[in-house]
Amino acid sequence: MQDEHSSAPLVSAGILSLLGAITLSIESYLTTQGLSLCTTAACKVVGHYIRVSEPVLISLGAGFFWLLSLLFFFAYRYPQPLSSIPLLFLYPSLAFDGVLIGFQYFTINQKCTLCISVASLLGLITLIYLLQWKNKTLLVCTLLIWAGGFTASGIIEMPEPVDAYNSMIFYQRQAEQITGKQAPKMTLIISMKCPHCFHVIAYLARQNTSGIIWRLASIDHDSASLKRLSSFLAQAPHTDTPFALLKEIETKPAPSAAKITKALRINTKKARTFLANIDTSSIPLLFVESSADKKIIIGSQHIINFLQQLLPGKNNTHQGPYQ
């Protein structure tokens, strides 16, 4: 066994690893309850860009720190064969962490408090652990691994996928032919739990909307809302009044038999990312694309005011949310 002086870095690093494991385990549990230790808006924004779900990433981080705690414990108990093993796990984690932090700073210009705290803890653990060797070359190499991942995000401009905007659409209805004109395209972003959204839906259900290409996107992620959307998608091909159908489905209990597809979950996540990209969380949101202009209109009253100038028909009046 090592003497007290040489084992102190291993003990300290092990304690800090245990602290990280406990903290991320608590955060992992809180995410299942819709809560978080991190209350800043940046944490939510960063979560939209992660390919795996945020709870999964946090759980993996907690698992890594639990493993690191065990590695430091065994390195302390059996220093001769195991003292260098933790470094084999720290190197790839430092590279991964550098890329994650660099992406936030350079690509999306958001600073997630939880991510930065974990990065700082990981860096401190590594520096304390390396004290036992007193090797400057090893320390410099370790710092360069993290810096390499961090700066890589700064010199590479991440292109937006070609279908990034289109991939958030879960339903589209083509316009009827308009002689001599190109039909405008309207993308309406809603939530099944948003009364203001259904203020707009109820208005559209009374109008003649056949001259417009209508696309619907949703930011929902709870099962009840996704089941309602799934029910709408199953019935929409058989109706000429999709907005009336959507309004009707919203008033009924979520159908338990409705199957939520992976594609629908991806669509809704892309919609949440789209809102994050334009720095808003407000819905309903109408994205208007026409031959003359492109514009974003936010809020039910503003959307209805705009549509009143556009849609034909004697019923084109604003009578209230669900009349």
Side-chain angles (χ1 to χ4, degrees), residues 9-32 35-73 75 84-133 135-158 273 276:
L10 286 174
V11 173
S12 300
I15 292 173
L16 289 175
S17 298
L18 189 60
L19 176 63
I22 293 171
T23 302
L24 287 181
S25 295
I26 293 172
E27 175 68 12
S28 180
Y29 170 75
L30 289 176
T31 56
T32 65
L35 303 172
S36 175
L37 293 172
C38 181
T39 58
T40 61
C43 293
K44 294 182 177 133
V45 172
V46 171
H48 292 318
Y49 290 90
I50 301 172
R51 288 189 180 272
V52 299
S53 67
E54 191 177 358
V56 170
L57 185 64
I58 293 171
S59 297
L60 290 174
F64 168 76
F65 276 104
W66 282 116
L67 174 63
L68 202 58
S69 302
L70 287 175
L71 291 175
F72 281 127
F73 171 76
S84 62
I85 295 298
L87 197 60
L88 300 179
F89 289 83
L90 283 169
Y91 275 162
S93 66
L94 286 167
F96 174 83
D97 184 73
V99 171
L100 183 61
I101 299 299
F103 174 76
Q104 293 176 39
Y105 270 79
F106 297 116
T107 304
I108 62 174
N109 195 29
Q110 296 285 343
K111 284 79 177 177
C112 169
T113 304
L114 180 64
C115 297
I116 294 173
S117 299
V118 171
S120 301
L121 181 63
L122 186 63
L124 183 61
I125 289 170
T126 305
L127 290 175
I128 291 175
Y129 169 60
L130 291 177
L131 287 176
Q132 65 178 320
W133 280 295
N135 188 320
K136 293 182 180 179
T137 302
L138 188 61
L139 177 61
V140 170
C141 289
T142 303
L143 292 174
L144 288 177
I145 287 174
W146 186 89
F150 180 78
T151 55
S153 298
I155 63 174
I156 298 175
E157 184 176 357
M158 301 290 185
T273 301

task: For Leu30, enumerate each residue passing the side-chain contact (heavy atoms from CB on, under 4.5 Å) test, keeping only those at least two apart in sequence or located in another chain.
output: Ile26, Glu27, Leu35, Leu37
- request: Identify which one of Leu68, Val118, Leu122, Ile145 satisfies the side chain to side chain contact (heavy atoms under 4.5 Å, CB included) criterion when paired with Ser93.
  value: Leu122
- request: Mind checking ring pair (Phe, Tyr, Trp, His ring centres under 6.0 Å) for Phe72 and listing every partner two or more places apart, or none if nothing turns up?
  value: Tyr129
field: Shortest non-hydrogen contact between Gly148 and Thr151, atoms and distance
entry: O-OG1, 3.4 Å
query: What distance do Leu94 atom CG and Leu144 atom CG have between them, rounded to the nearest 0.5 Å?
result: 11.5 Å
message: Going by side chain to side chain donor-acceptor pair (under 3.5 Å), name the pairs with one or both residues in residues 58-69, residues two or more places apart or in two chains.
response: Ser25-Trp66, Ser28-Ser59
field: Contacts of Phe73 that satisfy side-chain contact (heavy atoms from CB on, under 4.5 Å) - sequence neighbours left out
entry: Arg77
query: Taking atom OG of Ser120 and atom CD1 of Ile125, what is their separation to the nearest 0.5 Å?
result: 11.0 Å
statement: Rounding to 0.5 Å, atoms CZ (Phe65) and CG (Leu19) come to a distance of 9.0 Å
field: Test side-chain contact (heavy atoms from CB on, under 4.5 Å) applied to Thr137 - qualifying residues, sequence neighbours left out
entry: Asn135, Cys141
message: Do Leu130 and Leu87 have side chains that approach each other closer than 4.5 Å (heavy atoms only, starting at C-beta)?
response: yes
task: To the nearest 0.5 Å, tell me how far Ile116 CD1 sits from Leu121 CG.
output: 13.5 Å
- line: dist Ser36:OG -> Leu114:CG (nearest 0.5 Å) comes out at 6.5 Å
Review item, side-chain donor-acceptor pairs of residues 95-102, under 3.5 Å, at least two apart:
from  : atom 1 : to     : atom 2 : distance (Å)
Asp97 : OD2    : Trp146 : NE1    : 3.0

- prompt: Between Thr126 and Leu143, is any pair of side-chain heavy atoms under 4.5 Å apart?
  reply: no
task: Could you pull out the closest heavy-atom pair between Gln104 and Cys112, with the gap in Å?
output: OE1-N, 3.0 Å
- request: Drop me the distance from Phe89's CZ to Phe64's CZ, to the nearest 0.5 angstrom.
  value: 8.5 Å
Thr23 side chain vs Gly20 backbone, donor-acceptor pair below 3.5 Å: no
Residue pair Leu138 / Thr142: nearest heavy atoms and the distance that separates them: O-OG1, 2.8 Å
